[in-house]
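All remarks here apply to the structure that follows.
Chain naming here is simple, since letters A, B, ... match the order of the sequence lines and numbering starts at 1 in each.
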There are 2 protein chains.
Amino acid sequence: MAKTPANGSARTPRRKDGLSRDVIIQTAIELLDGGGESALTLRALTVHLSTGYGAIYHHVADKGDLLSTATDEVFARVLTGAVVDTDPRESLRRLALGLFDAIDAHPWVAAELSRQPWRPALLDFYESIARLLDALDVPARARFDAAGTFMSYVLGEAVQNAANARHLADNGTDRAAFLDAAAAHWAEVDPGKYPFVHAAVKQLREHDDREQFLAGVDIVMAGIATLR
Amino acid sequence: MAKTPANGSARTPRRKDGLSRDVIIQTAIELLDGGGESALTLRALTVHLSTGYGAIYHHVADKGDLLSTATDEVFARVLTGAVVDTDPRESLRRLALGLFDAIDAHPWVAAELSRQPWRPALLDFYESIARLLDALDVPARARFDAAGTFMSYVLGEAVQNAANARHLADNGTDRAAFLDAAAAHWAEVDPGKYPFVHAAVKQLREHDDREQFLAGVDIVMAGIATLR
DNA sequence: ACCTGAACACCGTTCAAGT
DNA sequence: ACCTGAACACCGTTCAAGT
């Protein structure tokens, strides 16, 4: 096969296997992971899938559909891989860390998250949290506030971390160089006017993102534990 | 002066008063507040300022510069208007609520926030929080984690709320109708599979966003109080 | 120094036409 | 039903030319 078209102005060969919504989404995720949000263009999709625009629009409503479905897919993977522990407290930490790591690995989901914070995949996440809080004897009356606070903290921290991850990927610098540059920049702030920021810079250099995140999870859980 | 050009294909009259970076930023904020992020286009700016593209690019680096400066401006207003209370706990709540309300009033800052979570204006915010935590006798060792957790919660909740605010503005619906629609949509989830989500729907209908936010602030502060 | 606006290189999306 | 790709309406940005 693979015959060269006789006609010089021949179209590019059409793909043999049928296109499907799923392969489009998977390719979109690859593009997003590879080059961030700006790497996902309809043009790039047609090239990677060796197809035309209409073919894509036949399976997908628009670019927003593409982005939100890709985000759902990423979250679905997290929940599938979530390991359950017998200790609810530990399960909560693992669940939170799974989301944190997922957004770190796919920083582009943060943008989609701030556009649509209530995607179906997050319903499962909410349900899991609420169930674990119930296991921790958080009274029903307080569960609504507690679960919401927990989710807001996790998403807030994840969004911030995603911004760092994106900068790291964009500049091609490694973590140490990035933190040094950030610390050097922050160190310029007037220590007289910003004593606490100044003090934080030192900790910034030696802190571990995931440990700091978990420290926050523990703080939120300790606060929830006071609700009786 | 003000002579009519003899030439029929004359250019639109150039503005008399000089353009400045500040009027550009203020106009950008007006456009963003009026129609969301998509309303800020260079074209719209030239029309509103009755000027050309080059004039704008003479005062501003690019659209990103425009967005981040506009965001700084919004945060600066919050910190200027922040009322200090003698009680550090109350000051923290007011500070948090000020940020919450600002993002509610200017939902487009949420997108910029997830792009660049460490704008200079947020340094002041961080500094204020750390100072108040110090006043609350949070030990220096724990302050880094505590202040970071507090900020992540506030920003996370604000980003989620901004998404709601944007949907409300886009659809032109009022709050009650929006919540009803959301609740109706959520109510479709299987109560057997999602008992806690199902229970949350009822609370969603009668909950107040700001009160829920403050409940979360209290939870985080209670958690911080356990750090000794 | 400050401003004008045609021109350029890109987007997402549509749709008549093909198989 | 599924796909092609030229065409369209928009972007942000540049830059030779004006004052």
| query | How many Å lie between CG on L45(A) and C1' on dC3(D), as a whole number? | reply | 15 Å
| request: Could you list the residues that satisfy ring-ring contact (aromatic ring centres under 6.0 Å, His included) with F144(A), not counting sequence neighbours? | output: H207(B)
| query | In terms of ring plane angle, is the pair Y126(B) and W118(B) parallel, tilted or perpendicular, where the classes change at 30° and 60°? | reply | perpendicular
| What pair of heavy atoms forms the shortest contact from L31(A) to A39(A), and how long is it? | O-CB, 3.5 Å
| When all nucleic acid strands are considered with a 4.0 Å heavy-atom cut-off, which category describes L40(B): base, sugar-phosphate, or nothing? | sugar-phosphate
| What is the base-pairing partner of dT13(D), counting Watson-Crick and G-U wobble geometry with both distances under 3.5 Å? | dA7(C)
| said: In whole Å, I'd like the distance from the CD1 atom of I24(A) to the P atom of dC2(D). | reply: 11 Å
| request: Assess whether atom CZ of R21(A) is packed by more than 12 heavy atoms of other residues, nucleotides or ligands within 6.0 Å. | output: yes
| message | Please name the nucleotide paired to dG18(D) by Watson-Crick or G-U wobble geometry with both distances under 3.5 Å, or report none. | response | dC2(C)
Quick one: which protein N/O atoms are closer than 3.5 Å to N/O atoms of nucleotides 13-16 of chain D? Pair and distance per line, please.
residue: dT13(D); atom: OP2; partner: Y57(B); partner atom: OH; Å: 2.7
residue: dT13(D); atom: OP2; partner: K63(B); partner atom: N; Å: 2.9
residue: dT13(D); atom: O5'; partner: Y57(B); partner atom: OH; Å: 3.1

| said: Testing the 3.5 Å rule here: is there a donor-acceptor pair between the side chains of T69(B) and D65(B)? | reply: yes
| Between dC3(C) and H59(B), is there an OP1 or OP2 to side-chain N/O distance shorter than 4.0 Å? | yes
| message | Could you tell me how far apart R21(A) (CZ) and dA1(D) (P) are, to the nearest whole angstrom? | response | 18 Å
| remark: When rounded to whole Å, the CG to C1' distance for the pair L67(B) and dC11(D) reads 14 Å
| Nearest of dA1(C), dT4(D), dC11(C) to any side-chain atom of H58(B)? | dA1(C)
| note | Closest heavy-atom pair, L49(B) versus I24(B), reported as atoms and distance to 0.1 Å, is CD1-CG1, 4.0 Å
